[in-house]
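Next up is a structure, given as structure tokens.
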Amino acid sequence: MIHGVLIFNTSGVPRLTKFYSPLHQSAQTFVQKIFALVSPRPPSLCNFLDAPELEAFLIPQEGGEKLRVVYRNYATLYFVFVVDSAESELGVLDLIQVFVESLDRAFENVCELDLVFHFDEVHHILAEVIQGGLVLETNVEEIDRAVQEAAKARKDSYASANPLSLGGGGIGSRGAGVQTPLGWLTGKLTGVGAR
């Protein structure tokens with residue numbers, strides 16, 4: 001099972017934290033502990049390590065599960081997955097690659113600012129890949145299609161609920177004879193439709 005997904009920069013500032021297991025201690029302390037484990041490791045070492053010191057954060061002492069940290073460093077960001085022994089480390093590394101490719105498709109060369117300013121889209125992409133700590137989808141094309149459909153539905157919903165929006169097409173989908181407040185005011189000011 002995947003217990004947590006974290007993205008933080010090289011300074012240790014978290015940009016995404018998603019936990020699929022309840023935390024028994026502070027999330028901030030958890031992120032600092034993982035950053036202390038991952039950041040000093042040279043690139044020549046493998047990208048996964050045992051982390052028995054994290055068990056106090058996620059798993060009750062009688063659980064007996066062994067936690068592993070699987071991570072990849074892309075430019076200034078660390079993508080970290082905390083998993084138990086049931087997950088394959090190489091499979092999780094591949095899953096990190098799928099997640100990053102999906103982010104790249106959504107943001108065209110994802111960077112730290114994309115994660116900060118579009119956190120809702122990042123969480124949506126993560127939810128297309130993982131839910132409840134289990135992997136749902138690994139096909140980048142399917143993830144991208146689902147994200148694009150959701151973005152279009154969100155845009156259409158916003159346009160239909162806000163007749164003054166600049167998205168256009170909002171009135172036609174909701175009701176053809178509905179006059180917008182802006183149209184009514186413009187008509188009154190120009191004398192159109194005056195009795």
Side-chain angles (χ1 to χ4, degrees), residues 1-41 45-74 76-104 106-107 110 112-140 142-144 146-147 150-151 154:
M1 178 180 171
I2 299 170
H3 293 279
V5 176
L6 307 164
I7 302 175
F8 47 81
N9 63 16
T10 52
S11 300
V13 178
R15 297 303 181 196
L16 174 121
T17 55
K18 179 70 176 174
F19 297 103
Y20 300 102
S21 296
L23 286 176
H24 298 297
Q25 294 182 21
S26 163
Q28 184 177 8
T29 310
F30 184 74
V31 171
Q32 289 172 350
K33 182 72 93 174
I34 289 180
F35 180 71
L37 286 171
V38 170
S39 63
R41 292 173 60 92
L45 292 178
C46 69
N47 289 352
F48 46 91
L49 61 134
D50 289 326
E53 56 269 14
L54 298 179
E55 293 174 12
F57 288 91
L58 288 172
I59 299 173
Q61 298 296 1
E62 61 272 355
E65 289 286 332
K66 299 295 181 197
L67 291 180
R68 286 211 128 153
V69 174
V70 182
Y71 70 96
R72 296 278 304 258
N73 183 8
Y74 294 95
T76 63
L77 294 172
Y78 286 97
F79 290 77
V80 179
F81 282 45
V82 179
V83 299
D84 59 22
S85 57
E87 296 290 332
S88 163
E89 292 86 4
L90 295 176
V92 174
L93 279 174
D94 190 38
L95 187 62
I96 293 173
Q97 181 66 30
V98 166
F99 182 44
V100 172
E101 284 181 26
S102 299
L103 290 172
D104 273 342
F107 299 114
V110 68
E112 188 173 349
L113 290 177
D114 292 325
L115 302 179
V116 171
F117 292 115
H118 303 286
F119 64 91
D120 54 338
E121 293 179 44
V122 175
H123 277 279
H124 181 256
I125 293 169
L126 181 62
E128 289 293 331
V129 178
I130 303 168
Q131 281 191 2
L134 301 174
V135 179
L136 288 181
E137 185 63 65
T138 58
N139 185 346
V140 178
E142 285 296 316
I143 296 165
D144 187 43
V147 168
R154 195 168 41 250

Which distance, rounded to the nearest 0.5 Å, do you find between the CG of Leu67 and the OG of Ser21?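 Going from CG on Leu67 over to OG on Ser21, the span is 8.5 Å.
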Rounded at 0.5 Å granularity, tell me how far CZ in Phe99 sits from CG in Asp104.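 Going from the CZ atom of Phe99 to the CG atom of Asp104 covers 11.0 Å.
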Answer yes or no: is there a side-chain heavy-atom contact under 4.5 Å between Leu103 and Phe79?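 Counting from C-beta outward, Leu103 and Phe79 do come under 4.5 Å.
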Residues in ring-ring contact (aromatic ring centres under 6.0 Å, His included) with Tyr20, at least two apart?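 Testing Tyr20 for ring-ring contact (aromatic ring centres under 6.0 Å, His included), a comparison that skips the adjacent residues, returns none.
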Do Ile34 and Tyr71 come within less than 4.5 Å of each other through their side chains, counting heavy atoms only?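 SC-SC contact between Ile34 and Tyr71 ruled out.
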Find out whether Ile2 and Leu95 are in side-chain contact, i.e. whether some heavy atom of one side chain is under 4.5 Å from a heavy atom of the other.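 Ile2 reaches Leu95 side chain to side chain.
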Contacts of Leu136 that satisfy side-chain contact (heavy atoms from CB on, under 4.5 Å) - sequence neighbours left out: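 In terms of side-chain contact (heavy atoms from CB on, under 4.5 Å), with neighbours along the sequence ignored, Leu136 is linked to Gln131.
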Of all pairs that satisfy salt bridge (charged side-chain N to carboxylate O under 4.0 Å, His left out), the ones with a partner from residues 19-28, not counting sequence neighbours: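 Of all non-adjacent pairs touching residues 19-28, none passes salt bridge (charged side-chain N to carboxylate O under 4.0 Å, His left out).
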I need the Glu101 CD to Ile96 CD1 distance, nearest 0.5 Å.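 Rounded to the nearest 0.5 Å, the CD-CD1 separation comes out at 12.5 Å.
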Nearest 0.5 Å, what's the CD-CG distance between Gln97 and Asp94?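 So the CD of Gln97 and the CG of Asp94 are separated by 7.5 Å.
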With rounding to the nearest 0.5 Å, note down the distance linking CZ in Arg15 to CG in Leu77.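 With rounding to 0.5 Å, CZ (Arg15) is 8.5 Å from CG (Leu77).
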With sequence neighbours left out, what residues match Ser26 under side-chain contact (heavy atoms from CB on, under 4.5 Å)?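 Ser26: side-chain contact (heavy atoms from CB on, under 4.5 Å) contacts with Gln28, Thr29.
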Are the side chains of Phe81 and Ile130 in contact, using a 4.5 Å heavy-atom criterion?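 When only atoms from C-beta onward are counted, Phe81 and Ile130 do touch, with a gap below 4.5 Å.
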Is there a donor-acceptor pair closer than 3.5 Å between any side-chain N or O of Arg41 and the backbone N or O of Asn47?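 No, Arg41 side chain to Asn47 backbone: no donor-acceptor pair under 3.5 Å.
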Looking at residues at least two apart in the chain, or sitting in another chain, which of them share a salt bridge (charged side-chain N to carboxylate O under 4.0 Å, His left out) with Glu142?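 If we apply the salt bridge (charged side-chain N to carboxylate O under 4.0 Å, His left out) test to Glu142, skipping adjacent residues, the hits are Arg145.
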Taking side chain as C-beta onward, heavy atoms only, is Leu93 less than 4.5 Å from Leu90?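 Result yes, sub-4.5 Å side-chain heavy-atom pair found.
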Mind checking what makes side-chain contact (heavy atoms from CB on, under 4.5 Å) contact with Phe117, not counting sequence neighbours?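 Here the qualifying residues are Leu113.
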Would you mind writing out the side-chain donor-acceptor pairs for residues 4-13 within the sub-3.5 Å range, not counting sequence neighbours?
unit_1	atom_1	unit_2	atom_2	d
Asn9	OD1	Ser11	N	3.0
Asn9	OD1	Gly12	N	3.1
Asn9	OD1	Val13	N	2.9
Asn9	ND2	Glu112	OE2	2.7

Working to the nearest 0.5 Å, report the span between CD1 of Ile143 and OG of Ser102.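 Answer for the CD1-OG pair, Ile143 versus Ser102, is 3.5 Å.
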Considering residues at least two apart in sequence or located in another chain, which fulfil the side chain to side chain donor-acceptor pair (under 3.5 Å) criterion with Glu89?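 Glu89 satisfies side chain to side chain donor-acceptor pair (under 3.5 Å) with Arg68 only.
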Residues in side chain to side chain donor-acceptor pair (under 3.5 Å) contact with Arg154, at least two apart in sequence or another chain: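 Arg154 satisfies side chain to side chain donor-acceptor pair (under 3.5 Å) with no other residue.
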Taking all atoms of both residues into account, what is the closest heavy-atom pair of Ala146 and His124, and its distance?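 So the minimum-distance heavy-atom pair works out to O-CE1, 4.1 Å.
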Mind checking what makes side-chain contact (heavy atoms from CB on, under 4.5 Å) contact with Asp114, not counting sequence neighbours?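 Residues passing side-chain contact (heavy atoms from CB on, under 4.5 Å) with Asp114: Phe107, Val110, Cys111, His118.
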Looking at every heavy atom in both Gly132 and Met1, which two are closest together, and how far apart are they?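 Minimum heavy-atom separation between Gly132 and Met1: O-CE, 3.8 Å.
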Heavy-atom side-chain proximity of Leu16 to Leu115 below 4.5 angstrom: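 Leu16 vs Leu115: side chains apart.
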Taking it one step at a time, do Arg72 and Val100 satisfy side-chain contact (heavy atoms from CB on, under 4.5 Å)? CA-CA 10 Å; Arg72 296 278 304 258; Val100 172; over 6 Å; no
